[in-house]
There are 2 protein chains.
Amino acid sequence: MGGGNKFQEPVKTSRRRQVRKEKEEDEVNESFKSPNLEAERRRREKLHGRLMALRSHVPIVTNMTKASIVEDAITYIGELQKIVQNLTEKLHEMEETPLEIYEQQTVHTIKPEVEAIDLKVEMKKMGIEENVQFCKIGKRKFWLKITTEKRPGIFTKFMEVMCLLGFEIIDITLATSNGAIIICSSVQILQGLCDGDSVDPEQTKDFLLEVMRSNP
Amino acid sequence: MGGGNKFQEPVKTSRRRQVRKEKEEDEVNESFKSPNLEAERRRREKLHGRLMALRSHVPIVTNMTKASIVEDAITYIGELQKIVQNLTEKLHEMEETPLEIYEQQTVHTIKPEVEAIDLKVEMKKMGIEENVQFCKIGKRKFWLKITTEKRPGIFTKFMEVMCLLGFEIIDITLATSNGAIIICSSVQILQGLCDGDSVDPEQTKDFLLEVMRSNP
DNA sequence: GTATACACGTGATTC
DNA sequence: TGAATCACGTGTATA
C-alpha cells in the first residue's frame, strides 16, 4: 500500500531531488492503470510551478520548502500592504485635494490613468481653460502666463523651453488648483544673444502652447 | 497499493471535503508502521494552514484550489508592487517639484563668488534689508515672506526647513532683484501633526531668520 | 459518463 | 541517526 513507487519513466529528470531512482526491480508488474495518474501528475506539476513563480515574486526567501515559500509570501504581502497604506497616507497629507476615489479599496482595482483624467475633468469643470499669454513689457523684457493641466514634469519642461529660447527668469509665480497649474513669469532675453526685437511674441506664444500640450 | 487509506481516526472532521469516510473494512490490517506517517501528516496540515492563511491575505479569490490560491497571490503581489511603485513615483514628484524651481533657475543665475559679494553690496546699496515675516492667516494656514541675500542653495534650504517644520506649501512666489531674493508663500501645517495653535509665529520667524542667515 | 482536486501513506532523499 | 521534506500513485469526493 505504499505511496507511488510503481515505477515510472523519468519524465522529469531535472528535478530538485533526483527522485524515483529508476527502481525497476521486482514488483514492477501488477500494471494497475490508474485512470487519473496522468492528471494527478499534471496537477502536481502545476502546483509546483505556481509555487516556484510565487517564490520568484517574493524578494526574501528564508527556505525553499513549500510551507516556507507560502509563509514568506504572506509576510511580504503584509509588508506591501503596510507600505501602500503609509504611502497613501503621506500622499493624502501632501495634496490638499481630497481625491475621493483614492481609498484603500483601490488596492486591487488600480487605474493609473483614471486619476489624471479626473483632474483634467475637474479642471474643465472649474472653468479653467488651457491658455498661454505672452507679451512684451520692455526693451528686452517679456511677461507670460501659462494655464494648463497639472502634469508631472510640466514645470521642468517649462524651464527647459525658457532656457532653449534664451530667456532668463526675472521672477516667477506658480500656483496649482483643481488639477490645473498657473505659471506667471517675467523673463528677459539673455544678453549677447539678440535684442528684444528679434522675438515674435505671437510665434513664441504658439510655440509655448504647443510644447505645453505635448506629453513628456 | 492505494494512496493513504489505511484508516485514521477523524482528527479533523471539519475538513473541506469529508474525506476518508471511515473506511474500516477489510484490509485494515497489515499494520505497517510507517516511521514518518505522523510527521507527514503534520507537514500536510502545516502547508494546508499556510495556504489558507495566504488565501485570507488576498482579497480576490477566483478558486479555492491550491494552485488558484497561489496564482491569485502572485497576481495580488504584482498589483501591490505596481501600486507601491506608482505611489512612490508620485510622492517623489510631489516633493521634488518645488526643488526643481531652484535647480532650473540656478542654471541662469549661478555666478562666481566674487560677483556674489558684489551683489550683496548692491543689495545693501539698494536699501534691501534681510527680513522674515511670519503670521497666521487661518486655522492651519500661515503666510510668510523672506527677504535675504541671494545665495546658491538658499531655496533648497528653505524647502528643507519647511519640510522639517511640517509645513505644506500651498503657493509660493520667488523673485530676485539686485542680489536679493524674496520668497512669499502660503503654507499649511500638515494634517496629523498638530493643529495651528501649536505653532508660535514669533518663534518660527526667529528660527527661519537664523536658518536663512547661516551658510549651507 | 469524464475531469478535476484533494488527502492519504509510503519510499526516497537531504541535513 | 532521526527528523523533515518531497514526489509518487491511489482512492475518493465533487462538478
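Protein chains get the first letters and strands the later ones, always in sequence-line order, with residue 1 at the start of each. Worth saying up front: this structure is predicted, and the values here are computed from it rather than measured. These numbers come from the heavy atoms of this one structure, side chains and all, not from hydrogens, waters or symmetry mates.
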| request: Rounded to the nearest angstrom, tell me the gap between atom CZ in B:R43 and atom C1' in C:dC6. | output: 14 Å
| task | Give the minimum heavy-atom separation between A:L208 and A:V161, together with the two atoms involved. | result | CD2-CG1, 3.7 Å
| query | Rounded to whole angstrom units, what separation is found between the CD atom of A:E38 and the P atom of C:dA3? | reply | 11 Å
| remark: Rounded to whole Å, CD of A:E40 lies from P of C:dC6 at a distance of 9 Å
| Donor-acceptor contact present, side-chain B:S68 to main-chain B:M64, <3.5 Å | no
| Starting at CE of B:M64 and ending at P of D:dA13, how long is that distance when rounded to a whole Å? | 19 Å
| Does D:dA4 have OP1 or OP2 sitting under 4.0 Å from an N or O in the side chain of B:K46? | no
| said: Is there a side-chain contact between B:D72 and B:I60 in this structure, where contact means two heavy atoms from C-beta onward sitting under 4.5 Å apart? | reply: no
| said: Does a side-chain N or O of A:R42 approach OP1 or OP2 of C:dA5 to a distance below 4.0 Å, or not? | reply: no
| field | 5'-most by nearest nucleotide on DNA chain C - B:N63 or B:N36 | value | B:N63
| task | Please state whether the phosphate of D:dA7, meaning OP1 or OP2, lies under 4.0 angstrom from any side-chain nitrogen or oxygen of A:R41. | result | no
| Value in whole Å for how far the P atom of C:dC6 lies from CZ of A:R50 | 13 Å
| query | Quick one: CG on A:L144 to CZ on A:F158, what's the gap to the nearest 0.5 Å? | reply | 4.5 Å
| request: Would you mind reading off the distance between B:L47 atom CG and D:dA4 atom P, rounded to a whole angstrom? | output: 16 Å
| message | Rounded to whole Å, please give me the gap between CD1 in A:I69 and C1' in D:dT5. | response | 12 Å
| query | Of all the nucleotides listed (C:dC8, D:dG9, D:dC6), which has the minimum atom distance to the side chain of A:L37? | reply | D:dG9
